[in-house]
J.: 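Here's a structure for you.
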Amino acid sequence: MSQYPHLLEPLDLGFTTLKNRVIMGSMHTGLEDRPWHFKQLAEYFAERARGGVALMVTGGFAPNRRGELLPLGSRLSNALQIPMHKKVTSAVHEAGGKIALQILHAGRYGYTPYNVAPSAIKSPITPFKPKALTTKAVYKTIRQYGKTASLAKKAGYDGVEIMGSEGYFITQFLNARTNQRDDEFGGSYENRMRLPLEIVREVRKQAGDDFIIIFRLSMLDLVEGASDMEEVLILAKELEKAGVTILNTGIGWHEARVPTIVTSVPRAAFVDATAKVKAAVNIPVIASNRINMPDTAEEVIASGKADMVSMARPFLADSEWVNKAAEGRADEINTCIACNQACLDHTFEAKRASCLVNPRACHETELLYTPTHAPKKVAVVGSGPAGLAAATVAAKRGHKVTIFEGRDTIGGQFLFASKIPGKEEFVETIRYFTKMIEIHNIDLKLNTWVNADELKDAGFDEIIVSTGVEPRIPNMPGIDHEKVVTYQELLGKGLELGQKVAVMGAGGIGFDVSEYLTHQGPSLTLNKELWFKEWGVDINNTTSGGLKPMEIEPSPRKVYMLQRKTSSLGKGLNKTSGWVHRAAVKMKGVEMIAGVSYDKIDDAGLHITISNKDGDVIEQRVLDVDHVVLCAGQISVNQLYKDLQGNHDHNFGLHLVGGAEFAGELDAKRAIKLASELAASL
Ligand code: NAP
Ligand code: SF4
């Protein structure tokens, strides 16, 4: 008997059967935009089909030029494009999977000067004001959706997903805030929902009966003046009548003030909105957002709140997710930690997506972990993300690996990250590596500091030094004062700090520490009701858009966050998650001060001078804080490497990876990628 009987149960759609309840949701990888990338795209999907997922949805393809997300971005509107899509569909079918093409018209979210929308209202997150479509052009667009679906069918796709959420074109028609038309597509709700219904009818007409039509329905818009649940349910029932096979869940517009997918969002947070739709229709309904492990997915389906679950990023992190769950190996799943750093951040920077915890994602034809014919004796010194990635890839390939770790536990900087409220997912990565160490028979030596001579004498063929970083200690008067602690001391020892604290440095760690210091009690990420309260979410969507006033739990202390640069704090944080960190510290009243020079620390507190962009001194202040937390970057710990390098008569390969190599860009994405590439080449 499987641990996940509901998740693994087939779903009969009448004309076809899905082998389980897991869909890989749409995720733009950057491989969709150019024909010469379709071979890689095909292997990316084939690998996931082999991993057991029932149905996959491609990244978005526009039905016409004006619907493109980016100039010359992915579009399916011409029969000449069929052969390249056939590469994808054949590879998936050969691997035993099914695949649907997502039809995405960006509307006013199109990053193009030629974008169109129901009305000429610019979005707050894109630079180009759209042109309002004429009524004739709306009908033409509907026909083009149908044509894209028929081309998809000819190309071998098992179905299409019509993107009707996240604030794109269809959602723009549905809501009065973006639809001020006075023709049959504007005004009353009946008129505003005419577009999606006509699109579904046209798609069904042109693609025929035996074809899956998924409609991604916005169940909670999370913007002012948008649909309430009553309207969502009316639309859901009408979509069913119009010919939709499956309804998928969309949550939040891209311009919403509420985070919907980052790591601090509770797992399966929005499933109760999906449950309401499921109760109102007779077709299968898919739950989505922050479902990343089989127990959560099983619970969603077993509770009757949804028929299927959709996950996109978890399949970047681990292509074998379903097989591992089915074979009782859930503890081997490389869990998506919802960091967005290598997937969505890349997409928004027009770079190829990948995955922080799995650099092979979208590089399946390039980064190969081929079994070795000449096993070597490999030493890895340090067990942060870089060391763990190097060790596990090398061991997986058949090398005999020993990890030396000075502390009593593995994880390095990920251990500190996991202490931050909202970053609990980092524990999963440590759990994954712990399991990999076990199944690949890696010899883990904890509490073991090795020196160059010991390593040399042990006869290793390859030595990988991943000794990480230590906090930078700025050189300034009073830095030895008892008020001063490093972020590692604070998080590692769980120190209790006073009522007033200054955080020196406003990089990723300065923000993390500020969130840690302004929070008390259990993490809201582990309690969705409290999380809804703090972010002002009405999950019942009785108010239009599902928003209500935020009820923010006050910070237990006064926190100042400081940086020397005069730019605004947090500007350099990651593209798709930085705004959440900036909002989180702002709502807790953290006082952010830029243009600071640090004068001294004494019993009175932290003495600073504040200057403007031109370097003119504006003010001198004494922050009467009880503690100063140093988050001023890191320096590499690499003495061992230098000692080994100085050993001229060595006959082993010597490598330096992770923060020990380059602390200036201490970055787990880079560390894991380079370490994995190195281990793949040994
Ligand atoms: P960081 O991003 O490089 O930030 C270091 C901070 O220290 C900056 O605010 C810098 O600003 C300040 N600083 C640098 N030298 C200083 C000095 N001598 N004296 C005083 N202040 C100094 O480094 P981090 O915060 O340690 O983060 C390391 C890496 O971890 C990041 O690159 C990121 O990739 C990753 N990370 C990301 C996140 C996230 O995105 N949420 C969270 C945690 C970690 P000024 O020079 O202007 O003072
Ligand atoms: Fe998940 Fe981060 Fe990987 Fe994206 S980069 S798939 S969010 S772990």
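We count ligands from 1, going down the list as the structure has it; atoms in each ligand are counted the same way. Note that the coordinates shown come from a computational prediction; the quantities given were computed from them, not determined experimentally. If you read the sequence from its start, that first residue is 1, and numbering goes on from there.
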J.: Please compare R472, K565, Q413 and report which has the shortest non-hydrogen distance to atom 14 (C) of ligand 1.
T.: R472
J.: Show all protein N/O/S atoms under 2.8 Å from atom 3 (Fe) of ligand 2, or state that there are none.
T.: C355 SG
J.: Quick one: does NZ or CZ of K435 land under 6.0 Å from the six-membered ring centre of F433, within 45 degrees of the ring axis?
T.: no
J.: Below a 4.0 angstrom heavy-atom separation, can you tell me which part of A632, side chain or backbone, both or neither, approaches ligand 1?
T.: both
J.: Can you tell me if M561 has a non-hydrogen atom under 4.0 Å from ligand 1?
T.: no
J.: Can E534 and K588 be counted as an ion pair, charged N to O under 4.0 angstrom?
T.: yes
J.: Side chain or backbone of Q634 under 4.0 Å from ligand 1, or both, or neither, by non-hydrogen atoms?
T.: side chain
J.: Measure D512 to ligand 1 on non-hydrogen atoms and call it side chain, backbone, both or neither using the 4.0 Å cut-off.
T.: side chain
J.: Please state whether Y598 comes within less than 4.0 angstrom of ligand 1, counting heavy atoms only.
T.: yes
J.: Does E515 come within less than 4.0 Å of K423, counting only side-chain N to carboxylate O?
T.: no
J.: Side chain, backbone, both or neither: which applies to A668 and ligand 1 if a contact is any heavy-atom pair less than 4.0 Å apart?
T.: neither
J.: By ring pair (Phe, Tyr, Trp, His ring centres under 6.0 Å), which residues pair with F38, not counting sequence neighbours?
T.: H85
